[in-house]
Amino acid sequence: MRLSILQRCSCVFIVALFISFSVIAQDSLVTVTAEKGDGILSLLRKQGMNPYEAYDDFIAMNIDDLRDSVHLYEGRNYRIPQVQVDSVIVLDSIQEQSTKIKKIEGKEFSIFGKKHSTVLSKSEKLKGAVYYLVSGHGGPDPGAMAIYAGKSIAEDEYAYDITLRLAKELLAHSATVYIIIRDPNDGIRDERILDIDHDEVTYPDEIIPLNQTARLKQRVAAINKLYKTHRGKYQRLIVTHVDSRSKGQNIDVFFYHHEKSKNGKRLAESIHKTFQKKYKKYQPNRTYSGTFEDRTSLYLVKKTHPAMTFIEIGNIRNKKDQRRILDPDNRQALAKWIGEGVLLDYEKK
Ligand SMILES: [Zn+2]
């Protein structure tokens, strides 16, 4: 199309090209030095930006200066992207030689909270795919608990925050996403200490029972009911916990699947591979120690119909893991990597 524009009206095209080049050149001059404790989110926030809108562009522009592709080095300079999410200038028609502002529409999802409710489309790569996301525990069951800086922290709140971030990522790539364990008033939270509450419900709005078997049965029933309505489609279940079962092991992230499920295995492997790649690429001396294995004993793995992967993101009781899990920047990074693994798996289907 551009070629034909060039042929028909080269002078207008050259002017348009010149304008867009000068905008890009200006952007690249904006750099900021990372200070102690800065993450991508806090760095962008200090620039008065919505850090989530600029997150992917920032990574693409600064990839050579990021550890594990998401972490900043203190004292280094980083380029700040200019985000054009509200409007883009499009050439309306060559004949009129006019420009027109076209609004890019975001979709609203109140479950992500006021600040995070808008999902901007990134691609249609996951169109047709259906995902069920379950964060471990919830309702009357907080999961593993620990004390941090004198405050109680609970596994279910952190698993939920990572799950919401993952849901947003998958929605941006046009997937159908069901958040099975849901909290109507929490949303994505950018704090280190996530307050504990007990008002999570099971999709669509069922009160979570106290009894463990009843609790698991309830979420299995919700998933299997939805599964039926999407029969024939690519459907996957991702369960996230923040309490590693493998005690005494210094493990970053575990991935499990049902031994008999080829699709569950492939999803686990795709996410695992993405994590390995992220760690290896920018820090070759560090070995990624996460692994996946069969866990047929898990009730959810056995009873749910979609192929599933079970992810354990460290352990909230472990001091070293706490640093990672409490940092919202890291929760975003984890969600992004899981999302990339999910995309990889869908491409291979
Ligand atoms: Zn758990």
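Bear in mind the structure is a predicted one, so any value in this text is a computation, not a measurement.
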Looking at Asp345 and Lys348, is there a salt bridge between them, counting it only when a charged N and a carboxylate O are closer than 4.0 Å? no

Under the salt bridge (Lys or Arg N to Asp or Glu O under 4.0 Å) criterion, do Arg189 and Asp186 qualify, and how do the steps go? CA-CA 7 Å; Arg189 289 175 282 178; Asp186 271 349; 3.2 Å; yes

Which one of Val342, Val70, Ile271 satisfies the side chain to side chain contact (heavy atoms under 4.5 Å, CB included) criterion with Trp337? Val70

What is the ring orientation for His137 with His241, classed by angle as parallel under 30°, tilted 30 to 60°, or perpendicular over 60°? perpendicular

For Lys122, is the NZ atom crowded, meaning more than 12 foreign heavy atoms sit under 6.0 Å from it? yes

Between Glu124 and His173, do the side chains contain a donor N or O and an acceptor N or O under 3.5 Å apart? no

Nearest heavy-atom contact between Ser42 and Gly37 is OG-O, 4.3 Å

So, Thr202 and Gln218: side-chain donor and acceptor under 3.5 Å apart, yes or no? yes

Of all residues at least two apart in sequence or in a different chain, which pass the side chain to side chain donor-acceptor pair (under 3.5 Å) check with Tyr158? none

Sorted by chain and residue number, the side chain to side chain donor-acceptor pair (under 3.5 Å) partners of Ser152 (sequence neighbours excluded) come out as none

Ignoring hydrogens and angles, tell me if any N or O in the side chain of Glu155 forms a donor-acceptor pair with the backbone of Ala144 under 3.5 Å. yes

Partners of Ser117 by side chain to side chain contact (heavy atoms under 4.5 Å, CB included), sequence neighbours excluded? Glu108

Enclosure of Glu206 CD (heavy-atom neighbours >12, cutoff 6.0 Å): yes

Determine, stepwise, if the pair Lys336 / Glu340 fulfils salt bridge (Lys or Arg N to Asp or Glu O under 4.0 Å). CA-CA 6 Å; Lys336 187 178 165 61; Glu340 283 181 32; 3.7 Å; yes

Are Leu343 and Leu126 close enough, and set up right, to give a side-chain contact (heavy atoms from CB on, under 4.5 Å), and what steps lead you there? CA-CA 7 Å; Leu343 276 164; Leu126 295 176; 3.6 Å; yes

Does some side-chain heavy atom of Gln332 sit less than 4.5 Å from a side-chain heavy atom of Tyr52? yes

Would you confirm whether Asn330, through its side chain, and Ile325, through its main-chain N or O, come within 3.5 Å as a donor-acceptor pair? no

Would a distance-only check, ignoring hydrogens and angles, find a side-chain to backbone donor-acceptor pair under 3.5 Å from Tyr78 to Tyr73? yes

Kindly say whether Arg79 contributes a backbone atom to a donor-acceptor pair with the side chain of Thr31 at under 3.5 angstrom? no

What about the rings of Tyr346 and Tyr234, do their centers lie closer together than 6.0 Å? yes

Using 30° and 60° as the class boundaries, would you call the ring planes of Tyr178 and Tyr132 parallel, tilted or perpendicular? parallel

Assess the residue pair Arg165 and Asp190 against the criterion (salt bridge (Lys or Arg N to Asp or Glu O under 4.0 Å)); give the C-alpha distance rounded to whole Å, side-chain angles, the decisive distance to 0.1 Å, and a yes or no. CA-CA 11 Å; Arg165 289 167 192 271; Asp190 290 319; 3.1 Å; yes

Any donor-acceptor pair under 3.5 Å linking the side chain of Arg182 with the backbone of Ile179? yes

